There are 2 protein chains.
Amino acid sequence: MTRSAAAPVLPDDVPPPAAPLVPAGLEQDVGYRLRLAQILSYRSFEDRVTGYGAAPRYLGLLALIDGNPGESQSRLAEAVGLQRSSLVTILDRLEADGILAREAVEGDRRSKAVTLTDRGRQVTAELRALAAESEARALDGLDAATRATLVAALDRIIANLR
Amino acid sequence: MTRSAAAPVLPDDVPPPAAPLVPAGLEQDVGYRLRLAQILSYRSFEDRVTGYGAAPRYLGLLALIDGNPGESQSRLAEAVGLQRSSLVTILDRLEADGILAREAVEGDRRSKAVTLTDRGRQVTAELRALAAESEARALDGLDAATRATLVAALDRIIANLR
DNA sequence: AGGAGAATGTTCGTCGTCGAACAGTTCTTC
DNA sequence: GAAGAACTGTTCGACGACGAACATTCTCCT
């Protein structure tokens with residue numbers, strides 16, 4: 001990073017690529033990177049995908065319902081790290097869009113079983129493919145072993161904080 | 001997940017620990033984990049720290065200003081992954097709290113140089129210590145090599161998406 | 001010079017998320 | 001069995017972040 005004493009030959013009419021700012025004292029902080037990586041990753045995915053309404057933002061939720069049909073709203077909320085109350089609005093919209101359905105569950109008249117519709121499953125599948133593309137860009141340059149370590153480490157963090 | 005044919009010996013009056021739900025098709029997805037880990041990590045930190053007003057939420061920003069005093073709002077916003085317009089409100093409050101200051105920069109009357117006050121530096125230092133505690137909990141069980149790989153991988157992801 | 005274009009910080013309307021409350025239902029415990 | 005606690009989904013008010021505008025200032029070109 002230190003500019004060598006030997007002046008560069010080419011005229012630097014091109015400004016240096018604006019060395020990324022580094023937070024003092026958080027040089028090794030994981031939380032800081034976690035937040036930044038998440039914001040950028042999310043944005044890059046949403047910018048790339050259009051025409052699916054609110055679904056892309058909630059792909060994680062949709063995949064969760066897909067893999068665990070009939071689950072209650074409470075458990076879904078906890079699994080995706082959202083508040084029960086927040087989930088209500090989200091499910092309202094996705095239900096209005098014909099992507100999922102809330103059905104009565106026999107044996108407990110309080111809770112509702114959340115399920116994907118056929119259309120919901122199709123939309124989820126398409127979004128999954130787009131997410132995979134987006135993720136490939138994000139993970140470019142990381143070999144398989146590093147990716148595996150990354151996934152395992154994140155899982156451990158999630159488990160520690162749950 | 002399939003229940004073995006051999007019935008468990010102990011009476012399971014204790015319900016199974018509610019096996020965490022897994023999103024179908026995203027079993028290896030990094031974006032999903034990134035978001036979840038970030039939400040939980042953030043929440044755990046904010047729950048643990050009280051009495052600092054709005055500062056904890058913006059520790060990353062404060063550390064950034066601490067390490068790069070005099071930087072413009074635009075560059076700060078980009079570095080921390082926020083919108084320029086969002087940063088205005090945040091800086092307004094932190095400035096009102098006496099944590100930072102916006103000074104005129106000579107040579108460009110558009111931009112303003114953001115700096116920490118003495119009090120701001122002290123608050124940042126205290127929050128940094130608290131963040132380190134919180135992070136220790138999150139990273140429990142990960143050895144030094146794994147942590148280093150994690151940090152490097154996140155840095156790479158951030159660089160790829162920037 | 002001088003005018004088009006870009007960059008800076010800012011305001012404003014919109015929307016998503018939270019947290020505290022609530023009514024209805026189920027569980028627990030005496 | 002009946003009352004109290006615990007859980008379900010829900011509503012409502014408060015607040016944060018966004019995106020599109022804007023006025024001001026700077027830069028670049030010819």
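Keep in mind that this is a model prediction, so the values were computed, not measured. Convention: sequence-line order gives letters A, B, ...; per-chain numbering from 1.
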DNA chain C: 5'-most and 3'-most nucleotides touching chain B, 4.0 angstrom heavy-atom criterion: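 Contact span on the strand: C:dA7 to C:dC18.
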Mind checking whether [X] and [Y] have side chains closer than 4.5 Å, heavy atoms only?
X	Y	value
B:Leu34	A:Leu34	yes
B:Thr146	B:Thr149	no
B:Ile90	B:Leu82	yes

N/O donor to acceptor pairs below 3.5 angstrom from side-chain atoms of residues 46-67 of chain A, sequence neighbours left out:
from: A:Tyr52; atom 1: OH; to: A:Glu126; atom 2: OE1; distance (Å): 2.4
from: A:Asp66; atom 1: OD2; to: A:Arg128; atom 2: NH2; distance (Å): 3.2

Tell me the salt bridge (Lys or Arg N to Asp or Glu O under 4.0 Å) pairs involving residues 151-162 of chain B, sequence neighbours left out?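 Counting only pairs at least two positions apart or across chains, the salt bridge (Lys or Arg N to Asp or Glu O under 4.0 Å) contacts touching residues 151-162 of chain B are A:Arg33-B:Asp155, A:Asp140-B:Arg156.
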Exam field: side chain [X] to backbone [Y], donor-acceptor pair closer than 3.5 Å:
X	Y	value
A:Arg121	A:Leu116	yes
B:Asp97	B:Ile99	no
B:Arg147	B:Leu139	yes
B:Glu135	A:Gly31	yes

Any donor-acceptor pair under 3.5 Å linking the side-chain atoms of B:Ser44 with those of B:Ser134?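 Yes, B:Ser44 and B:Ser134 have a side-chain donor paired with an acceptor closer than 3.5 Å.
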Between A:Arg102 and A:Gln73, do the side chains contain a donor N or O and an acceptor N or O under 3.5 Å apart?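 Yes, side-chain donor-acceptor contact under 3.5 Å.
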Name every residue in residues 40-73 of chain B that has at least one heavy atom under 4.0 Å from any atom of DNA chain C, in order of residue number, or write none if there are no such residues.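 Correct list: B:Arg43, B:Ser72, B:Gln73.
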For DNA chain C, which residues in residues 84-99 of chain B have a heavy atom at a distance below 4.0 Å?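 B:Arg84, B:Ser85, B:Val88, in order of number.
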Is the number of heavy atoms from other residues, nucleotides or ligands under 6.0 Å of B:Glu106 CD greater than 12?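 Not buried by this count: 12 neighbours or fewer within 6.0 Å.
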Nearest-nucleotide comparison on DNA chain C, the residue closer to the 5′ end among A:Gly81 and A:Arg110: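 With A:Gly81 and A:Arg110 compared, the 5'-side residue is A:Gly81.
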How would you give the extent of chain B contacts on DNA chain D, as first and last nucleotide 5' to 3' within a 4.0 Å heavy-atom cut-off?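 Both ends considered, the range comes out as D:dG16 to D:dC26.
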